[in-house]
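So you know, we letter chains A, B, ... as the sequences are listed, proteins then strands, and number each from 1. Everything numeric in this text was worked out from a predicted model, so none of it was measured.
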There are 2 protein chains.
Amino acid sequence: MRASQRVYNQLRAEILDGDLPPGRVLAEVEQSQRFGISRTPVREAIGRLAAEGLAEQQGGRGVVVSDVTTDDITPLFEVREALDIQAARLAALRGDPAEFAALADRLEDVAGRFDSPRHSSQDDPPAAYYELVEQMDRAIDAAAANPWLDAASSTVRMQLARVRRLAAQDPSRLAAAAREHAQIARAVSTGSAQLAEAAVRLHLNNALNSALAKAPATAAGSTATREETP
Amino acid sequence: MRASQRVYNQLRAEILDGDLPPGRVLAEVEQSQRFGISRTPVREAIGRLAAEGLAEQQGGRGVVVSDVTTDDITPLFEVREALDIQAARLAALRGDPAEFAALADRLEDVAGRFDSPRHSSQDDPPAAYYELVEQMDRAIDAAAANPWLDAASSTVRMQLARVRRLAAQDPSRLAAAAREHAQIARAVSTGSAQLAEAAVRLHLNNALNSALAKAPATAAGSTATREETP
DNA sequence: CGTACGTCCAATGTATACATAATTGCCACA
DNA sequence: TGTGGCAATTATGTATACATTGGACGTACG
């Protein structure tokens with residue numbers, strides 16, 4: 001693999017894991033010495049990180065890991081809502097109903113197992129749930145069959161992976177989230193774009209509220225929002 | 001201005017204008033000689049173009065201007081629909097009603113002037129319309145106040161600017177488009193997210209149909225889409 | 001004591017030289 | 001004549017050296 005690619009992968013992982021915290025400067029010489037290579041591939045890697053929003057220019061000189069705070073949770077969810085809804089709508093129209101019906105079945109099963117006592121050490125509902133969610137995301141993306149939608153989604157998902165570190169998950173929400181995901185899969189399997197949109201909107205609203213409940217209220221400055229008047 | 005920035009601006013403009021057609025190889029040495037600089041900043045510029053989707057790796061060797069065909073129109077409009085709807089929804093909730101009411105008034109005025117005979121050489125409805133649309137896009141983005149939404153939108157808009165060259169605009173649609181834009185502005189000014197969404201969805205559907213009507217039907221391979229069953 | 005200007009330094013931006021890999025063309029052999 | 005392999009060439013990937021810029025620190029003056 002090319003050196004620039006290795007450095008990019010490594011720096012990206014460290015930023016997403018929080019090992020390189022927001023505000024940390026990404027000096028070319030420092031990183032090139034750390035990786036034992038020259039500045040050129042490091043420079044390319046940092047450029048890619050900046051293009052994706054994981055890093056940004058520091059006042060015209062120097063690149064730093066970009067800052068993400070709890071203030072970013074709401075705007076990121078707004079974009080995610082737009083993209084996930086469209087993906088679910090397209091999947092409902094284009095996907096294989098049987099595939100999503102099967103996913104819905106398995107998600108409902110996992111959701112039920114959260115409440116029941118465990119039957120064996122093999123039975124790990126959270127792990128099974130995460131696996132299924134990932135599988136459904138891939139299925140929806142594949143069914144939507146839209147490369148640009150994929151690209152936009154992956155950018156937002158990457159940022160959301162960062163903010164997720166700011167507000168640790170509430171274990172008690174996993175069962176509810178699993179049921180919501182099952183509803184999404186079920187809606188997609190029916191072929192109704194409207195139903196799929198409703199299911200996604202519901203799930204993301206709950207997920208956002210859960211995240212904000214744990215996130216400390218930030219200083220004022222929040223954008224004023226008029227109430228909906230339908 | 002930095003050399004890499006100049007090269008990036010120039011190459012980007014040439015790609016968007018079609019001077020560098022899809023499939024054209026972007027050789028580092030060739031471009032560095034053309035601009036009279038070294039390979040390093042050229043390499044950086046081409047890297048940025050590739051990151052934005054205007055160019056792409058050619059099998060592992062060489063970077064070429066990415067291909068856009070009429071097949072891309074529908075998927076691009078699907079992403080644009082998702083983003084524009086969300087932007088309009090947020091603008092309806094957060095924007096200044098008076099600002100968008102004023103935009104609606106001016107758009108309705110321009111729409112009317114398309115049909116009436118011109119009163120002077122100064123009266124150029126298309127130019128006025130384009131100016132107003134741009135103004136409204138900026139107003140919606142500003143009201144939505146979501147940097148990530150802006151970033152995603154600008155990427156899609158750039159690609160759409162390329163495909164627009166493939167299917168020249170229908171002058172007779174401008175008047176209808178102006179009325180649709182006026183409806184969007186009016187909907188946003190009422191503060192109703194639902195109404196704004198409906199207006200944007202209507203406009204983009206018409207715009208897409210107009211574009212596809214002029215675009216030649218491509219060879220099979222189009223993704224099958226089940227009909228909506230609400 | 002505070003501010004403003006100048007010099008120095010360090011990090012980025014650019015150029016060039018070297019290494020490496022892939023494609024293409026040519027030659028030999030079947 | 002076609003195919004396969006090898007070599008040469010060319011373009012990219014990486015390293016290093018040089019240029020430039022922006023900031024920081026120190027000093028001098030108000």
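- A distance of 4.5 Å separates CG of Leu11(A) from CZ of Phe35(A), quoted to the nearest 0.5 Å.
- Arg34(A) and Glu14(A) are joined by a salt bridge, as a carboxylate oxygen and a charged side-chain nitrogen come within less than 4.0 angstrom of each other.
- Atom CD of Gln57(A) is separated from atom P of dT12(C) by 10 Å (rounded to the nearest Å).
- Here the CD atom belonging to Gln57(B) is positioned 10.0 Å from the CD1 atom belonging to Ile46(B), to the nearest 0.5 angstrom.
- Whole-Å rounding puts the Glu28(B) CD to dA19(C) C1' distance at 15 Å.
- Listed by chain and number, the residues in a salt bridge (charged side-chain N to carboxylate O under 4.0 Å, His left out) with Glu56(A) amount to none (sequence neighbours excluded).
- Applying the side-chain hydrogen bond (donor to acceptor under 3.5 Å, both in side chains) test to pairs two or more places apart or on separate chains, those with a residue in residues 15-24 of chain A are Arg24(A)-Glu30(A).
- Atom CZ of Phe77(B) is separated from atom CG of Leu212(B) by 8.0 Å, given to the nearest 0.5 angstrom.
- For the segment residues 30-53 of chain B, the set of residues with a heavy atom within less than 4.0 Å of an atom of DNA chain D comprises Arg39(B), Arg43(B), in numerical order.
- For Arg2(B), there are no side chain to side chain donor-acceptor pair (under 3.5 Å) partners at least two apart in sequence or on another chain.
- The stretch residues 3-15 of chain A touches DNA chain D through Ala3(A), Ser4(A), each having a heavy atom under 4.0 angstrom from the strand.
- With Ser66(B) contributing its side chain and Gly53(B) its backbone, the two residues share a donor-acceptor pair below 3.5 Å.
- Ionic pairing of Arg106(A) and Glu131(A) is not present here: no N-O contact between side-chain nitrogen and carboxylate oxygen is shorter than 4.0 angstrom.
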At a cut-off of 3.5 Å, list every protein nitrogen or oxygen paired with a nitrogen or oxygen from nucleotides 22-25 of chain D, distance to 0.1 Å.
from	atom 1	to	atom 2	distance (Å)
dG22(D)	O4'	Arg61(A)	NH1	3.1

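- Between Glu44(B) and Arg43(A), at least one side-chain N (NZ, or NE/NH1/NH2) sits under 4.0 Å from a carboxylate O, which counts as a salt bridge.
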